[in-house]
Every structure is written in structure tokens, then in C-alpha cells.
Amino acid sequence: MRRRAQIVDEEVFMLLVFGSINFDIVIRVPHLPVPGETVLGHEAAHEPGGKGANQAHAARRFGTPVRLVGAIGADPFGARALQRLTTAGVDLSGVRELAGVASGLACISVAASGENAIAVAPGANAQVASAWVDDATIAQCRALLIQGEVPLAEALELARRFRRQGSVVILNPAPVPRHPLPPGAVDWLVVNQTETAQLCASLGIPEGERLARGRHLAKDLQCNVLMTLGAEGALLVRRDGRQAHCPALAGTAVDADVGQVVDTTGAGDTLAGVFAAAIAEGIADEQALRLAIVASGLSCREYGTQAAQPGRAKIDATLAGWESLLVCTE
Ligand code: RIB
């Protein structure tokens, strides 16, 4: 503990994000195509994306010093994928440009309802390695945020090194890995309903109501669980079984003030990024969740992913106006 306190004084980066960087091609369509169907949409938008990059961007917009470790290919898509991160002030010294491999690419359809469907070609993301992060960097960070779009073995090896130093590790298993997660590998799991169902299936956890499944996950994986519930908010299930529920921005009177949901792409990334940033800053988990819910809700009111992520002032102002609605209940 003493060592950790000394490090905090010298800290430069509070949060390290180890994850994917993609270039997104986004088409707005009246509805998502079903198998075999072609749907005519609007003109395509080209956006920086990738779950790692989106989460790092959200955390930096929240105001937390962030370093992103990842990879792009030596092609024009890679440079464009980094543009918003550079503008936001994310430290990109841990991003490598790899020769002979393409940058990660995502094709995204966004329906008029705000729902989306995404297909990803990982490209350079498949070669990201934990050895790219040295011990001096780990000593400068209070938290690590990882996802499923880079090799899981590498992410978990880095998690092991962070936890050995006493840092908090947060995993957003998106997409859910094919092999079951080992118990005790991370401190926090941030999952949506689909990911919860897939993880429960891989661990042999029976069907059941959400709280029971959250408790099973927390017990089997020996970690805290933040389960997002879409329009119903999110559930915190702590390792010791204590739980808290926070409602979503949508569905409260806030809706009238902040506008309609137009695009949910990357809403989970915004939530994971802001939650991790707040935890890295030492904010208590329930307050971190409320800040993350507000940020994620606001990001759905504009098109785009990184482009739609709110800054700290807007998050704080929205939360201040609606604090009484976003009370976590035990
Ligand atoms: O979560 C949204 C992201 O998923 C997109 O930016 C896309 O690149 C994929 O990684």
C-alpha cells in the first residue's frame, strides 16, 4: 500500500487502456438488414472507432490522463483512426504502426431506432502484445481498462501485472471471448445483457433473473460486476454480494431536456471509459456509475461514437440537474 501511495504522487497517467483501434464506416439505414436483405441507406460516414480507442477517448473527455496502447496498420485508415484521440489529448506513445498489416476496420449500420449492427476486421489489433507495456508505465497508472477486440491472453497477462502492483483492472468483454474467463483475473467486469448471457452460458450459470446471474458471475469470476440494462439503467453487483441499481437517463424526465436517442453506437464504450476513469480517480463505485450512465446517455443523443462523447462539464451539469433521479438504490 505504501508503494502505491508513493506512486500516486508521481503519477502521470491515471488510466491505461489496452485495446483496439478501428476505422469505422457507418451507414444510417431505415432498419437493420436481416440475413439476405439489402437495405439502402444514407451517405456513409467515416469515423474513428474501435472499443479501446472509444473508451480511451471517453475517459480523456472526462478529464482523466489516459494512455492508449494498441496498433494500427501502415495505411491511411490508421492515421485517420487516431485523429480525435490526438485532439482530445490521449497519450498515443503506446500505439504502434505495424508494417504489412491492415488497420482494424468496422462496418456499422445504424437504424432509425438508434440500434446498430457491427462487423469488425481486426487487422493490426490482432497483434497487440502485453510486452509493449513496461513496468515503469504500469507504476504510473492506477487502473487498466481492457476489452475483447485484442488478444485476450495478452490482455489478461497485462491484467496480472497490473494487479500485482495493486492497480484496479476493469474488463469489458466485448466481444465475449470464446474460452471461459479465469476466476480472479480482474476487479471489475462491465457487461451488457448479451455479454451477460454469453458469459453465463460459458460458465454453466443457469437462466434466471438478472440479480441472481450477476451474483453468480461475481462469485464464479471473483470480481465486481457492472451489468448494463439499456433503458433500465445498470446494476452493480459487488464481489461480496452487495448490490445497487441506478436508473438510465432514458426513461426519466431528463429525456425532454437532453433530446431523443438517435445513435446507440459506442454507448457501452462511453460508459466503460467514464466508469474506469472515475474509478482511476478514486471516485466511489456508485458515483462512478452515475457519471458513466449520464455520459453514456448523453452520447446517444448525437450521431457518431467519439464525436458524441460529452466532456466533464456537460456530464457534471446534467448529473447536477437530475441527481435526485439517478439515485442508486441498494
Ligand atoms: O462499440 C463500438 C465500436 O465497436 C465501433 O467503434 C467499432 O469500431 C467496433 O469496435
Side-chain angles (χ1 to χ4, degrees), residues 17-29 32 44-61 68-73 75-85 88 90 95 101-111 114-128 145-152 155 170-177 190-196 198 226 228 230 234 261-276 292 295-310:
V17 180
F18 181 79
S20 58
I21 303 165
N22 293 336
F23 185 71
D24 292 352
I25 299 168
V26 187
I27 306 179
R28 284 165 53 201
V29 287
L32 299 180
H46 300 148
E47 297 278 347
K51 296 188 193 303
N54 295 343
Q55 293 177 10
H57 190 268
R60 185 69 195 117
R61 294 280 288 134
L68 174 63
V69 174
I72 55 170
D75 55 30
F77 296 127
R80 290 177 68 184
L82 299 180
Q83 274 169 1
R84 279 191 194 279
L85 295 163
V90 175
V95 174
V101 58
S103 293
L105 272 185
C107 296
I108 305 181
S109 303
V110 180
E115 289 173 304
N116 62 71
I118 306 177
V120 175
N125 295 308
Q127 296 188 24
V128 174
L145 176 58
I146 51 181
Q147 327 74 31
E149 285 185 339
V150 293
L152 183 71
I170 299 154
L171 168 64
N172 171 222
V176 168
V190 179
V191 281
N192 65 20
Q193 289 298 280
T194 306
E195 290 146 10
T196 298
Q198 290 173 349
L226 192 178
T228 61
V261 170
V262 293
D263 184 0
T264 59
T265 312
D269 297 338
T270 305
L271 184 135
V274 170
F275 182 76
S296 169
L298 288 172
S299 75
C300 298
R301 268 69 186 183
E302 288 175 37
Y303 288 104
T305 302
Q306 293 175 25
Q309 289 171 339

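In listed order, ligands and their atoms are each counted from 1. Heads up: numbering here begins at 1 and tracks the sequence.
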Quiz prompt | Heavy-atom side-chain contact between His46 and Asp24 under 4.5 Å | solution = no

Quiz item: Which protein non-hydrogen atom lies closest to atom 2 (C) of ligand 1, naming both residue and atom, and how far is it?
Solution: Asp269 OD2, 3.3 Å

Exercise. Heavy-atom contacts with Asn22 under 4.0 Å: which atoms of ligand 1 show up? List them by number with element.
Key: 7 (C), 8 (O), 9 (C), 10 (O)

Practice problem: Looking only at protein heavy atoms, identify the closest one to atom 7 (C) of ligand 1 and say how far it is in Å. | Solution: Asp24 OD1, 3.4 Å

Quiz item: Atom CG in Leu152, atom CD in Gln147: separation rounded to 0.5 Å?
Solution: 11.0 Å

Exercise. Under 4.0 Å from a heavy atom of Gly49: give me the atoms of ligand 1 that qualify, with their elements.
Key: 6 (O), 8 (O)

Practice problem: Look up atom CZ in Arg80 and atom CD1 in Ile21, then write down how far apart they are to the nearest 0.5 Å. | Solution: 15.5 Å

Quiz item: For the atom pair NZ (Lys51) and CG (Leu145), what is the distance rounded to the nearest 0.5 Å?
Solution: 12.0 Å

Self-check item: Thr305-ligand 1 polar pair, N/O distance under 3.5 Å
Solution: no

Practice problem: Identify, for atom 3 (C) of ligand 1, the protein heavy atom at the shortest distance, and state residue, atom and that distance. | Solution: Asn54 ND2, 3.6 Å

Exercise. Ignoring hydrogens and angles, tell me if any N or O in the side chain of Thr270 forms a donor-acceptor pair with the backbone of Ala58 under 3.5 Å.
Key: no

Self-check item: Contact with ligand 1 for Ser20, non-hydrogen, under 4.0 angstrom
Solution: no

Quiz item: In ligand 1, which numbered atoms sit nearer than 4.0 Å to a non-hydrogen atom of Gly50?
Solution: 5 (C), 6 (O), 7 (C), 8 (O), 10 (O)

Exercise. Could you list which atoms of ligand 1 come closer than 4.0 Å to a heavy atom of Ala106?
Key: 7 (C), 8 (O)

Self-check item: Spacing of Gln309 atom CD and Arg60 atom CZ [to the nearest 0.5 Å]
Solution: 13.0 Å

Quiz item: Hey, are Thr265 and Asp263 close enough side-chain-wise for a donor-acceptor pair under 3.5 Å?
Solution: yes

Quiz item: Does some side-chain heavy atom of Val191 sit less than 4.5 Å from a side-chain heavy atom of Pro173?
Solution: yes

Practice problem: State the atoms of ligand 1, each with its element, that fall below the 4.0 Å cut-off from a heavy-atom position in Glu149. | Solution: 4 (O), 9 (C), 10 (O)

Quiz item: Would you say Val120 has any N or O atom under 3.5 Å from an N or O of ligand 1, going by distance alone?
Solution: no

Quiz item: Any N or O of Lys51 that comes nearer than 3.5 Å to an N or O of ligand 1?
Solution: yes

